[in-house]
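All values derive from a computational prediction rather than experimental measurement. Naming: A, B, ... by sequence-line order, numbering from 1 per chain.
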There are 2 protein chains.
Amino acid sequence: MAADDGKRKISESTIQRLSIYYRVLSILKKEDIKTISSKELAKQEKLTPAQVRKDLSFFGSFGTRGLGYPVTELKNRIANILGLDREWKVAMVGVGNIGSALVGYKEFQRHGFTISMIFDNDQRKIGSNHKGILVSDIANLKEGLRENKIDIVIIAVPATVAQYIVDDIVEAGVSGILNFAPINLKVPDHVILRNENMSMELEHISFSLVNRESITATKE
Amino acid sequence: MAADDGKRKISESTIQRLSIYYRVLSILKKEDIKTISSKELAKQEKLTPAQVRKDLSFFGSFGTRGLGYPVTELKNRIANILGLDREWKVAMVGVGNIGSALVGYKEFQRHGFTISMIFDNDQRKIGSNHKGILVSDIANLKEGLRENKIDIVIIAVPATVAQYIVDDIVEAGVSGILNFAPINLKVPDHVILRNENMSMELEHISFSLVNRESITATKE
DNA sequence: CGGACTATGTGAATTCATTCACAAGTTACT
DNA sequence: AGTAACTTGTGAATGAATTCACATAGTCCG
C-alpha cells in the first residue's frame with residue numbers, strides 16, 4: 001500500500017541486489033522454505049541484514065515482524081519490480097564466439113528473456129540456423145526489430161562497428177541495449193544501455209592480485 | 001615519487017575506471033595522439049574531469065599542468081597498476097556454451113590473459129582440441145593447475161557443481177577466480193573472487209524499462 | 001492470555017565517493 | 001620577459017550509500 005508513486009531514486013546497487021535476492025529466493029522456494037529473515041538472506045550473500053531491509057523498504061513492506069519475509073510472495077514481488085513477470089523479446093546482433101554462446105544460454109530464458117532473432121553480416125551465416133533460430137541479414141536490422149516488436153537487443157559485434165549498429169537499433173525504436181563490445185556507445189537519454197565488459201573483470205582480478213602480493217610482501 | 005606505500009584504500013569504482021582509461025588510452029595511442037587532458041578523457045566516457053584526476057592521483061601525479069597527461073606514459077603506468085604488464089596464466093573450467101566462447105575471446109589475449117588449459121568432465125570433450133588447447137579431465141584439476149602454475153581460473157560450469165570446483169581450485173593454490181555460474185561461491189579471504197552474471201545485467205535493463213515506462217505513463 | 005523472544009521498518013549517524021573550487025605549475029604567444 | 005590561457009593536483013564541501021539502533025509489531029509456547 002505504501003511507496004508506489006514512481007518518484008523515488010533507487011540506486012544501481014540496490015537493483016543489482018534485488019537480482020541477487022531474487023536468485024536466492026528462487027532457490028529457497030525450490031527447497032520449500034516458507035519464510036526467511038533479513039539476517040538469513042543477508043548471510044547467504046555476505047550482505048548486512050540492515051541493507052536487505054533497506055533495499056526492500058524502498059518498494060514497500062513485505063515482511064512480518066517477529067517472523068521474516070514470506071518467500072514466495074517476496075519472490076513474486078521482486079519479479080514484478082524487476083519486470084521479470086513478463087516475457088521480453090530479445091534479439092542478438094552478431095553471432096560470433098560470444099553471441100553464439102549467449103543464444104544458447106539457458107539462464108536468460110529462465111528469467112523471461114527470449115532470444116527470438118539473430119542478425120549477422122557474414123554471408124556464410126545468414127540463412128543458417130543457430131539453436132533453432134534463423135540468422136537474418138544485418139541489412140534488415142531496423143525493419144526486423146520493428147516488425148517483431150523487439151524490446152531488448154544484445155550487441156556482440158566488434159567494437160569498430162558497434163556504434164553504427166546501435167544507431168540503427170535506436171532508430172528502430174528499441175530502448176534496451178546490452179552491449180558486449182568493449183567501447184563506450186552513445187545513445188539518447190531515453191535508451192537504457194548497459195555494458196558487459198568481461199576483460200574488465202579479469203583486470204580487476206589482476207589488480208587485486210598485484211596489490212595483495214605487495215601487501216603480503218611487506219607483511220612478512 | 002609520491003604515494004606508493006601500498007596502504008591506500010582504492011575503491012572498486014576507481015579500479016573499474018582505470019580499466020576504462022586504459023582502453024581509451026590504447027585507442028589514443030593508436031591514433032598517435034601524444035597528450036590528453038582530464039577534460040577530454042572524461043568526455044569520452046561521460047565522466048567528470050575531477051573524477052579522472054582524483055582517480056589518477058591515488059597512484060601518483062602523471063600529468064603536466066597546462067598540458068595534460070602524456071598518453072603513452074599514462075597508458076604504461078595504468079598497465080602497471082592493473083597488472084597488465086605481465087602475462088597471466090589462465091585456465092578455463094567448463095567448456096560448454098560460455099566457456100567455449102571465452103576460450104576464443106581475443107580481448108583476453110590482448111590484455112595479457114592467456115588461456116592455456118581447459119578442463120571439463122564430459123568424456124566426449126576430454127582429449128579433444130578447443131582452439132588449439134587440449135581439454136583435460138576435470139579429475140586432474142588440482143594437479144594440472146599446480147603443475148602449470150596457473151594464476152587465474154575462469155569458472156563456466158553449472159551452478160550446482162561450482163562450489164566443489166572452487167574448493168579444488170583454492171586447494172591448488174590459485175588465488176584469482178572469475179566465476180560465471182549464477183551462485184555465490186565461498187572462498188577464503190585471501191582468494192580474489194569476481195562474479196560475472198549476465199542475467200543480472202539484463203534484469204537491470206528490464207527494471208529500467210519498466211520504471212521508465214511508468215514514469216512516461218504518468219508524464220503524459 | 002501473558003510474557004519472552006524475534007524481526008521488521010526507518011530516522012539518525014556514519015562512512016564512503018564524487019564534485020567543487022582554487023592555488024600552483026606550465027605552455028604559448030607577443 | 002610578461003601575460004593570458006590552460007590544466008593539474010588536492011583539500012574542503014557536498015552528496016550518496018551503508019550501517020546503527022531502537023520503537024514497534026508480530027510470533028510462539030506454556
Side-chain angles (χ1 to χ4, degrees), chain A residues 1-5 7-21 24-25 28 33-71 73-75 77-78 81 204 207, chain B residues 1-5 7-21 24-25 28 33-71 73-75 77-78 81 204 207:
Chain A
M1 206 116 310
D4 222 312
D5 46 58
K7 248 327 180 359
R8 291 136 299 120
K9 179 61 169 45
I10 309 300
S11 82
E12 297 272 302
S13 3
T14 293
I15 301 168
Q16 301 270 103
R17 283 193 297 268
L18 285 182
S19 282
I20 293 175
Y21 304 150
V24 174
L25 289 165
L28 292 172
I33 290 164
K34 301 299 185 197
T35 60
I36 182 144
S37 66
S38 58
K39 195 169 148 202
E40 277 303 308
L41 191 42
K43 201 166 71 181
Q44 302 254 341
E45 299 284 333
K46 276 215 176 179
L47 303 167
T48 67
Q51 187 153 62
V52 172
R53 296 202 297 278
K54 183 71 87 181
D55 283 339
L56 296 176
S57 79
F58 288 126
F59 302 95
S61 37
F62 316 119
T64 307
R65 294 178 187 213
L67 187 59
Y69 299 91
V71 170
E73 205 184 304
L74 185 57
K75 170 172 181 285
R77 191 68 185 87
I78 293 180
I81 292 166
H204 204 311
F207 170 86
Chain B
M1 205 120 307
D4 223 311
D5 46 59
K7 248 322 176 9
R8 290 137 299 120
K9 178 65 169 43
I10 308 299
S11 83
E12 298 272 302
S13 0
T14 293
I15 300 168
Q16 301 271 101
R17 282 192 299 267
L18 285 182
S19 282
I20 293 174
Y21 303 149
V24 174
L25 290 165
L28 292 172
I33 291 164
K34 301 299 184 198
T35 60
I36 183 148
S37 66
S38 59
K39 195 169 148 204
E40 275 304 306
L41 191 41
K43 201 167 70 180
Q44 303 254 340
E45 299 285 332
K46 276 215 176 178
L47 303 167
T48 67
Q51 187 154 64
V52 172
R53 295 202 299 275
K54 181 72 83 178
D55 283 339
L56 296 176
S57 78
F58 287 126
F59 303 95
S61 38
F62 315 120
T64 307
R65 296 178 184 210
L67 189 59
Y69 298 91
V71 169
E73 205 185 304
L74 184 59
K75 172 173 179 285
R77 191 68 186 86
I78 293 180
I81 292 165
H204 204 309
F207 170 86

### Message
Within the 4.0 Å limit for protein heavy atoms, which parts of nucleotides 22-30 of chain D are touched? Write it as a string from 5' to 3', B for base, S for sugar-phosphate only, - for none.
### Response
-BBBS-S--
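Between B:Ile15 and B:Ile81 the shortest side-chain heavy-atom distance does not fall below 4.5 Å. Taking the side chain as every heavy atom from C-beta outward, B:Tyr21 and B:Leu74 never approach each other to under 4.5 Å. Counting only heavy atoms from C-beta outward, the side chains of B:Tyr69 and B:Arg53 approach each other to under 4.5 Å.
Under the side-chain contact (heavy atoms from CB on, under 4.5 Å) criterion, B:Lys39 pairs with B:Ser37, B:Pro49, sequence neighbours left out. B:Lys34 pairs by the side-chain contact (heavy atoms from CB on, under 4.5 Å) definition with B:Asp32, not counting sequence neighbours. A:Pro70 pairs by the side-chain contact (heavy atoms from CB on, under 4.5 Å) definition with A:Glu73, not counting sequence neighbours. By the side-chain contact (heavy atoms from CB on, under 4.5 Å) test, A:Ser19 pairs with A:Leu82, B:Met200, B:Glu203, sequence neighbours left out.
In this structure, A:Glu12 and B:Pro49 both approach DNA chain D, and ranking their closest nucleotides by distance from the 5' end singles out B:Pro49. The residue among B:Lys54 and B:Gly68 whose nearest nucleotide of DNA chain D is located toward the 5' end is B:Gly68.
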#### Entry: Test log, rule side chain to side chain contact (heavy atoms under 4.5 Å, CB included), inputs A:Ile36 and A:Leu25
CA-CA 9 Å; A:Ile36 182 144; A:Leu25 289 165; 4.1 Å; yes
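Straight-line distance from the CG atom of B:Leu56 to the P atom of D:dT7: 16 Å, rounded to whole Å. Rounded to whole Å, atom P of D:dG9 lies 12 Å from atom CG of B:Asp55.
At a threshold of 4.0 angstrom between heavy atoms, the contacts of A:Lys39 with the nucleic acid are absent. Backbone-only engagement by A:Ser38 is indicated by non-hydrogen atom pairs under 4.0 Å involving sugar-phosphate atoms exclusively.
A 4.0 Å heavy-atom criterion places the boundary nucleotides of DNA chain C facing chain B at C:dA17 to C:dT26, written 5' to 3'.
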